[in-house]
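Below is one structure; the comments refer to it alone.
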Amino acid sequence: MEKEAFLILAETRKARLFGTARLYLGSDSQAVDAVDEAVYKGFLSCHKLRQDAFAATWLTRILINVCNKELRRRKREITLAQAPEPSAETLDHLPLKEAISALSTELRAVIALRYFSGLTLDETAKVLDLPVGTVSTRQRKALALLRLELGEEEQS
Amino acid sequence: MNRMDEWQALTEQLEQAPPALDGLSARVKTRARQQRSRKILGIPLASLGGIAAAFVLLINLSLPFALACSGNPLLAPLARAAALSPSLKAAVESGYGQYVGQTQTVDGLTLHVEYLVVDQRQVNIFLQVKQGGDNVDCLISGTLTGQEGYISLSGNTDGDEYAQVTFDFEEDTPDALDVTFSVEVPPANNSGEPPISIDTPPDSANQPKTNTTDFSFHLTFDPEFKASAQIYTIQQWIPLDGQQIFADRLEVYPTHAQLHVVDDADNTAWLVGLDFYLTDEKGATYHGISNGISASGGTGSPFFTIYRIESSFFSDARPLTLSITGGTWLEKDRQYVQVNLLTAEAFGLPTGVSLSRIEKIGDYTVLEFEETNMDQTSQIFHHHFLDGEVKREFSTSAWRILEETDGTRSITTLYLPHPNETEIFLPLVWSQLLQLDTPIQISLS
């Protein structure tokens, strides 16, 4: 893919990328940094993309990797013990944004990709390198915990 | 507000890109121009004989001199050019920039050597290339006359104002350099790499023809900018995934920091990549270097002895904390991938890498490898292969590597001139990746 075409794609998708990173990382500034880093990495490698049609999914995957790397780096800064998955009752008392942040990384990833990056189940499975069935299971679980009833039409 | 109302509000909020993402494309392009993350594997630091180049010397405005950036408009462009390298930015803001102002024109192409940022181990040179008054997209490489013990990294303009060429020195930076810059200008209408697909193997007809022009300069440096490094003694063995390395010391220069490590001869693998960063007392972090090479080692072993990251030289916040988050290994008993060309089997591939295709196309045997670890951007194979039991070596001039992605995996395609044997051996750059769940932290004071 040509570099200029890649940047046009990145600019048109930056809001969605930011939304995804924001849910992942829980911080506006870190989400901005993650989008910057992901687009930069994509820019360096976009010439290797075999088909332009893959570009959006590919860029999203780069973003997820950047976010995961940041989460691993921050792991040592977490002073609270790593808690098990919170219950729906616990999450009920939190604003939705905080409730999503309280989910495990695995569930949060699915919510971010399915409902903020606008990816299909298949595309989400490819980005996360998971079977479609696993993604579907995690999606159901996350929505149940958040008390949300969302279908395909609710995707942003 | 019920949950669906919250959902609607959150969706609307996150659909808006924040103002901080304005200028995203411009930032990316400028940063890419300064991207310098090439590792040098086992290549001895080079020395050169004299290089003759015909040139016309037009202007030598002045010897380099140093002034604080904020007070000197001549250095303002340097501040912009260095902005995306945190170390160089801090160095320039602390008065480490030097204005050169030397210009030459050869065959209508004009090279301006504008600025330097120099310390005890590195020289960063900022240049402009113009033709008819307009900036030219080009690649610039530099070589030194009468100098040993250095590695140079090329720069390109890619539509931006300045290109940056960096020289990293094994010993102290000399007080002056005789530099030859080779400027490669791609032909018009060249969009970059030639279109190559698996069905059209590379040959000389596909290679882009570039025009190269040489310029020679004599550059002198203000000795004021060779302040001694800050040295942090570590002297500690670090266990890493069943191996161990000896972290000897951290040397912090104005333009970069160097972590010096030593191998353990009893290790079953060589460390060929190290993921780490520094944190200072105020919480500022210093990550991978963006100017100069990222690692270097001697001959005789793939082990890298020096890793470079951004510098904390101008930070008053000490002590520092070194955090190691992962590494890349080449196992001693897995240095080669053995490929049977008849049975299409490959033995000894790194985890996550598979042989997906072997095919004869024209004069080439084509091997295609897939890798699912999208985080790993280093090349898998060296640019040569060994042919059968005799293990004759074929260099990159005889073959080609094509690296692509389809969005979910990386694909490396090797075009090999038809080997005489049924088995070939592909030397690996790495065989194993390590990612630590909990970083190893060492306090440096």
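Chain identifiers are assigned alphabetically (A, B, ...) following the order of the sequence lines, protein sequences preceding nucleic acid strands; residue numbering begins at 1 within each chain. Just so it is clear, the structure is predicted and the values come from calculations on it, not from any experiment.
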Checklist entry - Measuring from Arg27(B):CZ to Tyr40(A):OH, what's the distance to the nearest 0.5 Å? => result 13.5 Å
Next on the checklist: Could you go through Leu17(A) and Leu21(B), starting from their C-alpha distance and side-chain angles, then the distance that decides it, and tell me whether this counts as side-chain contact (heavy atoms from CB on, under 4.5 Å)?
Outcome noted: CA-CA 11 Å; Leu17(A) 294 172; Leu21(B) 282 178; over 6 Å; no
Checklist outcome for this item: Under 4.5 Å to a heavy atom of chain B? For Leu146(A) that would be backbone
Checklist entry - Out of curiosity, Leu10(B) CG to Phe116(A) CZ, how far, rounded to the nearest 0.5 Å? => result 4.0 Å
Item to check | Structural part of Arg22(A) lying under 4.5 Å from a heavy atom of chain B | outcome: side chain
Checklist entry - Which pair of heavy atoms, one from Ala15(A) and one from Ala17(B), lies closest together, and at what distance? => result CB-N, 3.8 Å
Item to check | Closest approach of Ser25(B) to Glu11(A) (non-hydrogen atoms, all atoms of both residues) | outcome: OG-OE2, 2.7 Å
Checklist entry - Relative to chain B, which segment of Leu23(A) carries a heavy atom at a distance below 4.5 Å: side chain, backbone, both, or neither? => result side chain
Checklist outcome for this item: Between the CG atom in Leu96(A) and the CE atom in Met4(B), the distance rounded to the nearest 0.5 Å is 9.5 Å
Next on the checklist: Measuring from atom CD of Glu6(B) to atom CZ of Arg147(A), what distance do you get when rounded to the nearest 0.5 angstrom?
Outcome noted: 13.0 Å
Next on the checklist: Can you tell me which residue among Leu44(A), Val39(A), Asp36(A) is in a side chain to side chain contact (heavy atoms under 4.5 Å, CB included) with Val28(B)?
Outcome noted: Val39(A)
Checklist entry - Does the side chain of Val32(A) come within less than 4.5 Å of Pro18(B)'s, by heavy atoms? => result yes
Checklist outcome for this item: What one should report as the nearest heavy-atom pair of Leu148(A) and Arg3(B) is CD2-O, 3.8 Å
Checklist entry - Is the backbone N or O of Leu24(B) less than 3.5 Å from a side-chain atom of Lys14(A), with the two atoms forming a donor-acceptor pair by type? => result no
